[in-house]
Amino acid sequence: MPELPEAETIARSLAPRLEGRRIVDVEFFARRAHGGRPPEVAGRRIRRVRRYGKQVMIELDRGLLFVRLGMTGSLLLRAGAGPYTRARFTLDQGTLCFDDVRQFGSIRLMDRPPEHLGPDPLEIPATQFVDRLRGRRAQVKRLLLDQSFLRGIGNIYADEILFRARMHPKAVAARISPLRARRLHRAIVEILSRAIKKGGSSISDYVDGEGRQGFFQIQHKVYGKQGTPCQKCGAIIRRIVVAQRGTHYCPTCQRI
DNA sequence: CTTAATGTTCCCCA
DNA sequence: TTGGGGAACATTAA
C-alpha cells in the first residue's frame, strides 16, 4: 500500500486529528511492529504529522515516530483492534491504530530522520536530478526504487513514471541524455503530484487514516496492465522482472 | 499447489 | 565502491 502518494495522503488525513493531541497510552500486539523495544512515548504531545519519503513521520514534543508502512501497513483513526492491529496509541482525544497484515512495517522512535535516504523526489531540482543520474551505471528502474537515490518511489509509481517518460525500465542511467533525464524528472513530479491529488492508489487494501480509498489506480497506464493494449499505441503491455519486482511497460513506447 | 503482492535488508559474487 | 541476483520476513488471494 505505501509509496510516497499514499504516505502523503495518510499524513494529510491524520494531521488535523492528531496534531496537538497527547499520547496517553501505547500498546504493541506484535514484537515485529517495533523491532526492539516499544517506543515509550506515553505523555508526549504530537506536534506535526508529515510524510518522509514513503514513511509517515509523527513529530513529538521530544523525538520522531517513524511509521514504515511496509507492504500492507495502514494508520487508522479508530479504537477497536482488529486481527491485524499491531499497535495502538490511545490519545487524549481519539485512538490511532497501526494495522499491518504482512508485518513488513514497523514503528520506530528516532532523534532525527534516517540519514541513508536520498532527496525527496518532489523537492529535488531538475538539474541536480540530472547530475545524480549521470555517473550511475545501474538500470533506471533500480535507481528509482533505490531509497538512497530518491526517497519515496516504489514499484507502482516507478512503472507509471517510466511509461510517462517513455523510458525502458532497463535503460542504463549514465547513458540517458540530459534531455531525456529532464523528461524523466518531469514525469516523476507529474505522476506523483497527480497521484497525491487522487488520494493515492488503492490496488488491494490501501486506505487513508479515515478509511478512504485512493483513485489513482484508475489512471494506471502500465502497472498490472500486462496483456492489455497500450492506451497510446495499442501494443501489448509486457511484464518482466527487474530488481526482483514485477515490471510493466510498453515495448514500443518505451525504448532503451 | 504455485505464484505474486504497494518493501527492506542481508548475504554472495563479479 | 558499484551493481546484480537471491533469499528471507508474514499473509492472503487468485
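Here is how names work: the chains are called A, B, and so on, in the same order as the sequence lines, proteins then strands, and each is numbered from 1. Values reported hereafter were calculated over all heavy atoms of this structure, with side chains retained and with hydrogens, waters and symmetry mates removed.
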Practice task
Can you measure from CG (A:L144) to CD1 (A:I153) and round to the nearest 0.5 angstrom?
Solution key: 5.0 Å

Exercise for the section: Please report, rounded to the nearest Å, how far the C1' atom of B:dT6 is from the CZ atom of A:F216. Expected result: 13 Å

Exercise for the section: Using a cut-off of strictly less than 4.0 Å, decide whether A:R142 has a side-chain nitrogen or oxygen near OP1 or OP2 of C:dT2. Expected result: no

Exercise for the section: In whole angstrom, give the distance that lies between atom CD of A:Q55 and atom C1' of B:dG7. Expected result: 11 Å

Practice task
Look at the side chain of A:K54 and decide which nucleotide, out of C:dG3, C:dG4, B:dG7, has an atom nearest to it.
Solution key: B:dG7

Problem - Geometric cation-pi criterion, A:R194 with A:F216: 6.0 Å, 45° - result: no

Problem - Interatomic distance where CD belongs to A:E6 and P belongs to B:dA5 [whole Å] - result: 16 Å

Handout entry: Along DNA chain C (nearest heavy atom to each residue), the more 5'-positioned of A:Q244 and A:R102
Key = A:Q244

Practice task
Examine the base of C:dA10 for any acceptor or donor lying under 3.5 Å from a partner atom in the side chain of A:R32, and report the outcome as yes or no.
Solution key: no

Practice task
Evaluate the criterion side-chain contact (heavy atoms from CB on, under 4.5 Å) for residue pair A:R17 and A:V49; output intermediate values, then yes/no.
Solution key: CA-CA 10 Å; A:R17 304 265 310 261; A:V49 180; over 6 Å; no

Problem - Between P of C:dC9 and CZ of A:R86, the distance in whole Å - result: 16 Å

Exercise for the section: Mind calculating the distance between CD (A:E3) and C1' (B:dT8) to the nearest angstrom? Expected result: 14 Å

Problem - Residue-phosphate contact under 4.0 Å: A:R68 side-chain N/O, B:dT9 OP1/OP2 - result: yes

Completion exercise
Testing C:dG4, B:dG7, C:dT2 for proximity to the side chain of A:F104, the answer is B:dG7

Completion exercise
Between CE of A:M71 and P of B:dT8 the distance, given in whole Å, is 9 Å

Handout entry: Donor-acceptor contact present, side-chain A:E160 to main-chain A:Y223, <3.5 Å
Key = yes

Exercise for the section: Check whether any side-chain nitrogen or oxygen of A:Q103 sits under 4.0 Å from OP1 or OP2 of C:dT11, and answer yes or no. Expected result: yes

Exercise for the section: Using the side chain to side chain donor-acceptor pair (under 3.5 Å) rule, take A:D99 and A:T85 through it: C-alpha gap first, then chi angles, then the decisive distance, then the call. Expected result: CA-CA 4 Å; A:D99 283 32; A:T85 301; 3.0 Å; yes

Problem - For atom CG of A:D146 and atom P of B:dG7, their distance in whole Å - result: 13 Å

Completion exercise
Regarding the side chain of A:Y206, the nearest nucleotide among B:dT6, C:dG4, B:dT8 is B:dT6

Handout entry: Atom-pair distance (CG on A:L144; P on B:dT8), nearest Å
Key = 14 Å

Exercise for the section: Can you spot which of A:H248, A:R164, A:R239, A:Q254 makes a side chain to side chain donor-acceptor pair (under 3.5 Å) with A:D159? Expected result: A:H248

Problem - Strand DNA chain B in bracket notation, Watson-Crick/G-U under 3.5 Å with | for pairs to another chain - result: .||||.||||||||

Handout entry: C1' gap between B:dA5 and C:dG4, integer Å
Key = 22 Å

Practice task
Could you tell me whether A:R132 sits above the aromatic face of A:F149, with NZ or CZ closer than 6.0 angstrom to the six-membered ring centre and within 45 degrees of the axis?
Solution key: yes

Exercise for the section: Identify which nucleotide among B:dG7, C:dG4, C:dT12 has an atom closest to any side-chain atom of A:V101, counting heavy atoms from C-beta outward. Expected result: C:dT12

Problem - Among C:dG5, B:dT6, B:dT8, the one nearest A:Q147 by side-chain distance - result: B:dT8

Practice task
May I ask you to evaluate whether A:R245 reaches the phosphate of B:dA4, defined as a side-chain N or O under 4.0 Å from OP1 or OP2?
Solution key: no

Problem - Short side-chain N/O contact from A:Y84 to OP1 or OP2 of C:dT12, under 4.0 Å - result: yes

Practice task
Compare all side-chain heavy atoms of A:F98 with those of A:R88 and state whether any distance is below 4.5 angstrom.
Solution key: no

Exercise for the section: Using the P atoms only, state how far B:dT6 lies from C:dG3, rounded to an integer number of Å. Expected result: 23 Å

Exercise for the section: Name the nucleic acid region contacted by A:Y157, choosing base, sugar-phosphate or nothing; use a 4.0 angstrom heavy-atom cut-off, strictly under. Expected result: nothing

